[in-house]
Number of protein chains: 2
Amino acid sequence: MTDSTSHTVLGVALRARGPHLEVLLAGGRLPEARVGAREPLAAALARALDVAPLAHIEQLETRRLRDGRLATAYLGLAPTDAPLDGDWRSELALTPDHAELVAAAHGRLRAKLSYTNVGFALAPATFTISELREIYVAALGHDVSATNLQRVLVRRGELERVEGLRPPGRAGGRPAALFRFASKHLEVTDEFAALRPPHR
Amino acid sequence: MTDSTSHTVLGVALRARGPHLEVLLAGGRLPEARVGAREPLAAALARALDVAPLAHIEQLETRRLRDGRLATAYLGLAPTDAPLDGDWRSELALTPDHAELVAAAHGRLRAKLSYTNVGFALAPATFTISELREIYVAALGHDVSATNLQRVLVRRGELERVEGLRPPGRAGGRPAALFRFASKHLEVTDEFAALRPPHR
DNA sequence: TCAAAAGTGTTCTAGCTACACCCATGG
DNA sequence: CCATGGGTGTAGCTAGAACACTTTTGA
């Protein structure tokens, strides 16, 4: 026990859900994770919350919350098929602190989708380009062309073809090739890249 | 006095100095700033360190230092003519914690120079394009063309002409136009911009 | 045979870099 | 008058957007 026992951690988890991003907060109310002496902050987070479903975690910001507690917020990203059912629940009425941190989390994700391979943390293990496109649309908040998305990510070496095809649904259509992310750890794939919204 | 008295703040100040970036740390050793109850973190920083010479401050990362203390690190940017003489001193032998935070600070600055007007925090009140070019070279770590730097920053509306010319030195040369930054607060001037290093 | 979905090839364009050239001053 | 540093105009390049067209399936 140290004299910094009141420091808490707060998780903001994002997951692509249809055309939108689903926002989940750790615990519903702020978790009361206490940071032990000499324990890295990430370890305290993992001890306080169920981070197993999260494919990527990064620190957002440390702030004094309006209720007086000092809290470090984290951005967690979950694949579409991840079970976020334990500590994580969506809040309908966000406190001002929550709303600001959610906005920061969303902005961070948007930016990193452009110049890193962070998509790996939102996508399931294998996926079609159409499925990946839906995830990018949800996270970026604007339309994305499947054609160009594939070309850009393959050129950067983020995507790999995987054996097999996804058969079409009842409506027909050509079977879709399956892909996976080449790496499941955050990498800066193109420092200067940008995925821009459509021109109009 | 709360039970979070051991939380400290650590300042990493950067200032362009000739062809290089000068790195200064707050206090020499880590400052022992205590964070009071319900006090915003930035206020604790300002109370602990002399931040008056810094034209911009932003939070970097909160981590458990190797000596056990929980510390929030800040990036501070100072204009070339700012007096950084009080709390701030350059450390020759950096601890591993310091070195990592300095690298993070430098990376953050490099990135933001591309898509924000953060140059305002490194430049003096008015300057010639040549002087600004030197600052960008120091911060980015690669050559920058004065020609293109001017065009890019003027197009984005970051730079404004200011009355008057800087007379040439003894070697002669055309007098240089004077500029200033249109805003002295951080703004995202072009979300997708990139200042790239020379091709070869 | 046609609609639907996936994939390919090509053109277009914004925003940068590169470079040749012109301007104003000191000695 | 020429060296020096500042400024302008324009061409070139590159990554990504746009779009027309081809492929493969179900019914």
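No experiment lies behind these values; they were computed from the predicted model shown. Because only heavy atoms are used, hydrogens play no part in the values below, and waters and symmetry mates are left out as well, while side chains stay in. Letters A, B, ... are given to chains in the order of the sequence lines, protein chains preceding strands, and every chain is numbered from 1.
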For this session: Remember a base hit wins even if backbone is also touched, and classify A:Ala146 as base, sugar-phosphate or nothing at under 4.0 Å, heavy atoms.
Result: nothing
Exercise. Which nucleotide in the list D:dA17, C:dG7, C:dC19 gets nearest to the side chain of A:His199?
Worked result: D:dA17
Exercise. How would you label the contact of B:Arg151 with the nucleic acid (heavy atoms, under 4.0 Å): base, sugar-phosphate, or nothing?
Worked result: base
Exercise. Checking all strands, does A:Ala193 fall into the base, sugar-phosphate, or nothing category for heavy-atom contacts under 4.0 angstrom?
Worked result: sugar-phosphate
For this session: Take atom CG of A:Leu178 and atom P of C:dG7, then tell me their distance rounded to the nearest Å.
Result: 9 Å
Problem set entry | Spacing between A:Leu149 atom CG and C:dG7 atom C1', to the nearest angstrom | 14 Å
For this session: Kindly point out which of D:dG26, D:dA15, D:dA18 is positioned nearest to the side chain of B:Arg196?
Result: D:dA15
Exercise. Nearest to the side chain of B:Arg155 - D:dT8, D:dT24, C:dG15?
Worked result: C:dG15
Problem set entry | Contact check, side chains of B:Phe192 and A:Pro197, non-hydrogen atoms, under 4.5 Å | yes
For this session: Could you check how far CZ of B:Phe179 sits from P of D:dG6, rounded to whole Å?
Result: 12 Å
Exercise. In terms of side-chain heavy atoms of B:Arg174, which of C:dC16, D:dG16, D:dG6 is nearest?
Worked result: D:dG6
Problem set entry | Rounded interatomic separation in angstrom, taking CD from A:Glu131 and C1' from C:dA5 | 13 Å
Exercise. For B:Phe127, is the NZ or CZ atom of B:Arg180 found under 6.0 angstrom from the centre of its six-membered ring and inside 45 degrees of the ring axis?
Worked result: no
Exercise. Can you list the steps and then say if B:Thr80 with B:Glu134 is a side chain to side chain contact (heavy atoms under 4.5 Å, CB included)?
Worked result: CA-CA 11 Å; B:Thr80 51; B:Glu134 270 198 272; over 6 Å; no
Exercise. Expressed in angstrom and rounded to an integer, what is the separation of B:His142 atom NE2 from C:dA18 atom P?
Worked result: 10 Å
Problem set entry | Quiz item: B:Thr147 side-chain donor-acceptor pair to C:dT17 base, under 3.5 Å | no
For this session: Return the value, rounded to whole Å, for the distance between atom CG of A:Asp143 and atom P of D:dG16.
Result: 17 Å
Exercise. Nearest to the side chain of B:Ala171 - C:dC16, D:dT4, D:dT25?
Worked result: D:dT4
Exercise. Is A:Asn148 side chain donor-acceptor paired with the D:dA18 base, going by distance under 3.5 Å alone?
Worked result: yes
Exercise. Atom CZ of B:Arg133 to atom P of C:dA18: distance rounded to whole Å?
Worked result: 12 Å
Problem set entry | Side-chain heavy-atom pair B:Leu195, B:Val144 within 4.5 angstrom cut-off | no
For this session: Would you please test B:Leu41 and A:Leu70 for side chain to side chain contact (heavy atoms under 4.5 Å, CB included) and show each step?
Result: CA-CA 9 Å; B:Leu41 268 186; A:Leu70 195 57; 4.1 Å; yes
Exercise. If you look at every strand shown and take non-hydrogen atoms under 4.0 Å, does A:Ser130 touch a base, only sugar-phosphate, or nothing?
Worked result: sugar-phosphate
Exercise. At under 4.0 Å between heavy atoms, what does A:Arg156 touch on the DNA or RNA strands: base, sugar-phosphate, or nothing?
Worked result: sugar-phosphate
Problem set entry | Heavy-atom side-chain proximity of B:Val137 to B:Asp143 below 4.5 angstrom | yes
Exercise. Atom CG of B:Leu165 and atom C1' of D:dG5: how far apart are they, to the nearest Å?
Worked result: 13 Å
Exercise. More 5' along DNA chain C: B:Pro175 or B:Leu195, using each one's nearest nucleotide?
Worked result: B:Leu195
